[in-house]
Amino acid sequence: MKQLLDLAAVFGYLSLLTVGGGMAAFPELKSLTVDTYHWVTFPELMHYYSLGQLAPGPNMMMVAAIGAQVAGLPGAAVVLVAFILPTGLLTFGIGRLWNRLANWPWRPAVQRGLGAVSVGLVLAGGIVLARGALTNTLTVALAVGVFALLMLTKINPAIPIVASGLIGILLYVI
Amino acid sequence: MNTHAAAPKGPKLPLAPPPSLWRLFLGFFIMGSTSIGGGVIAYLRTGLVSHYRWLDDETFVELMAISQSLPGLNATNMSILSGDRLRGWPGAFFAALGMCLPGAALMTAAAFAVGIGGDDPISKAFLHAIAAGAVGLITVVLVQLGAKVLGEIADYVFVVLTAVLVAFLHVPVLIALVGVGALAIWWHRPRKGTAPKPADPHFKDHP
């Protein structure tokens with residue numbers, strides 16, 4: 001029971017940090033689930049993140065896997081509700097207020113200000129993930145390759161992502 | 001709310017009537033099941049605007065701006081906002097449920113599968129390489145998001161400041177978010193004389 005409450009508190013808090021995308025919460029996700037609560041190791045967290053890339057829907061649905069590893073199905077359910085419900089209600093409420101805020105003079109300021117900060121948070125998340133994932137020449141080459149391919153073509157991101165996994169297997173086997 | 005008749009430009013078809021709750025759930029469930037590879041928003045736009053014609057592009061962009069300025073996953077927020085527009089609060093609930101259910105169920109199943117075969121070095125090599133590829137994908141997202149959101153040099157300073165605080169100085173994200181956020185909002189505060197154009201859904205003035 002204590003564990004479920006901890007999961008609810010941690011993921012409820014993390015959900016508030018996902019401004020601009022799930023990646024914004026990644027640094028805090030790592031420090032809480034790995035360093036503070038020892039629910040998963042950093043490699044495990046990265047591997048769940050990778051699986052999240054392959055799963056459909058929002059990538060951060062991978063938080064369900066952490067909940068499941070800690071406390072089975074109830075853990076997954078608690079994590080999902082804690083991660084989605086508070087911000088969901090907030091979005092619902094603001095969505096209804098928004099039209100009334102259309103002429104609020106601070107609205108553009110809030111959008112631009114939070115926009116810049118959210119890009120910074122996604123950048124921080126990318127740096128934390130890169131520290132764990134880019135461990136040798138191969139992994140750096142994969143990251144650069146995926147980046148270049150996605151910038152230069154309109155290919156579905158799933159294709160280079162799966163391809164990097166297959167290259168990883170290939171180089172491990174030979 | 002009813003913008004059905006307004007078709008100012010482009011070869012636009014009229015909007016479809018709002019779907020039943022079940023059709024709404026099914027539509028989001030299908031988009032939630034097929035949007036593999038991270039670009040869920042692109043799938044949502046194709047589905048909501050082009051395929052089902054439940055929303056027009058203007059509304060989509062407007063809801064998008066709200067989604068991105070609020071905490072919560074963009075795809076989930078978009079589902080809630082568009083579901084609410086189409087069918088009120090039950091619509092918001094079922095849209096978010098349909099969007100999140102497939103991925104969440106798969107990831108929960110994956111946790112049990114990894115528990116069984118988690119030490120297999122081949123699956124480790126596979127997943128580690130995917131994490132590396134994902135770094136490339138995030139960089140692309142950063143470039144695209146940056147191009148849309150960042151205008152002046154000060155914006156870039158806020159970006160770097162936030163990233164350094166969080167990733168290198170290990171300042172808790174909430175503190176960085178509130179601190180730098182307040183600073184950035186104050187920087188862009190409404191000034192006398194530059195007030196007009198508040199109704200602009202694209203808050204960005206592209207160079």
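Just so we're on the same page: letters track the sequence lines, and every chain starts at 1. Fair warning: this is a prediction, and the values are worked out from it, not measured in the lab.
Taking 4.5 Å as the limit, every side-chain heavy atom of B/Leu70 sits out of range of all side-chain heavy atoms of A/Val19. At a threshold of 4.5 Å between non-hydrogen side-chain atoms, the residues A/Ile84 and B/Cys100 count as touching. Inter-residue side-chain proximity for A/Met61 and B/Leu73 is flagged as met; some heavy-atom pair is nearer than 4.5 Å. The shortest distance between side-chain heavy atoms of A/Pro56 and B/Leu106 falls below 4.5 Å. Two residues are said to be in side-chain contact when any heavy atoms from C-beta on lie closer than 4.5 Å; A/Tyr13 and B/Leu174 meet this criterion. At a threshold of 4.5 Å between non-hydrogen side-chain atoms, the residues B/Phe126 and A/Leu51 do not count as touching. In this structure, the side chains of B/Val143 and A/Phe147 come closer than 4.5 Å at one or more pairs of heavy atoms.
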Stepwise side-chain hydrogen bond (donor to acceptor under 3.5 Å, both in side chains) check, B/His128 with A/Thr135: CA-CA 10 Å; B/His128 192 95; A/Thr135 45; 3.3 Å; yes
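To the nearest 0.5 Å, atoms CD1 (B/Ile80) and OG1 (A/Thr91) are separated by 5.0 Å. Taking CG of A/Leu150 as the reference point, atom OG1 of B/Thr139 lies at 10.0 Å (rounded to 0.5 Å). With rounding to the nearest 0.5 angstrom, the CG atom of B/Leu177 is 10.5 Å from the CD atom of A/Glu28. Here A/Leu149 contributes atom CG and B/Leu137 contributes atom CG; the two are 11.5 Å apart, rounded to the nearest 0.5 Å. One distance of note links CG of A/Leu89 with CH2 of B/Trp89; it measures 11.5 Å at 0.5 Å rounding.
When A/Ser15, A/Ala148, A/Gly120, A/Ser164 are compared by the number of non-hydrogen pairs under 4.5 Å with chain B, A/Gly120 comes out ahead. When each of A/Tyr172, A/Phe26, A/Trp106, A/Tyr49 is checked for heavy-atom pairs under 4.5 Å with chain B, A/Trp106 comes out on top. Your options are A/Gly75, A/Gly95, A/Gly113, and the one with the most heavy-atom pairs under 4.5 Å with chain B is A/Gly113. Ranked by heavy-atom pairs under 4.5 Å with chain B, the first of A/Met60, A/Glu44, A/Met62, A/Gln69 is A/Met62. Put simply, of A/Ser118, A/Ser50, A/Gly88, the one with the most heavy-atom pairs under 4.5 Å next to chain B is A/Ser50. Chain A forms the most heavy-atom pairs under 4.5 Å with one residue out of B/Met31, B/His188, B/Met99, B/Gln144, and that residue is B/His188. When the candidates A/Leu142, A/Val173, A/Val119, A/Leu114 are compared by the number of heavy-atom contacts under 4.5 Å with chain B, A/Val119 comes out ahead.
Heavy atoms closer than 4.5 Å to chain B are found nowhere in A/Ala25, neither backbone nor side chain. Heavy atoms closer than 4.5 Å to chain B are found in the side chain of A/Trp98, but not in its backbone. Both the backbone and the side chain of A/Pro58 come within less than 4.5 Å of a heavy atom of chain B.
Between the A/Arg112 side chain and the B/Trp187 main chain, no donor and acceptor come within less than 3.5 Å of each other. Within the 3.5 Å criterion, the main-chain N or O of B/Gly72 finds a donor-acceptor partner in the side chain of A/Thr18.
In this structure, B/Arg85 fails the cation-pi test against A/Phe92, since its NZ or CZ atom is not both closer than 6.0 Å to the six-membered ring centre and inside 45 degrees of the ring normal.
Residues A/Ala64 and B/Thr108 approach most closely at CB-OG1, 3.6 Å, considering heavy atoms.
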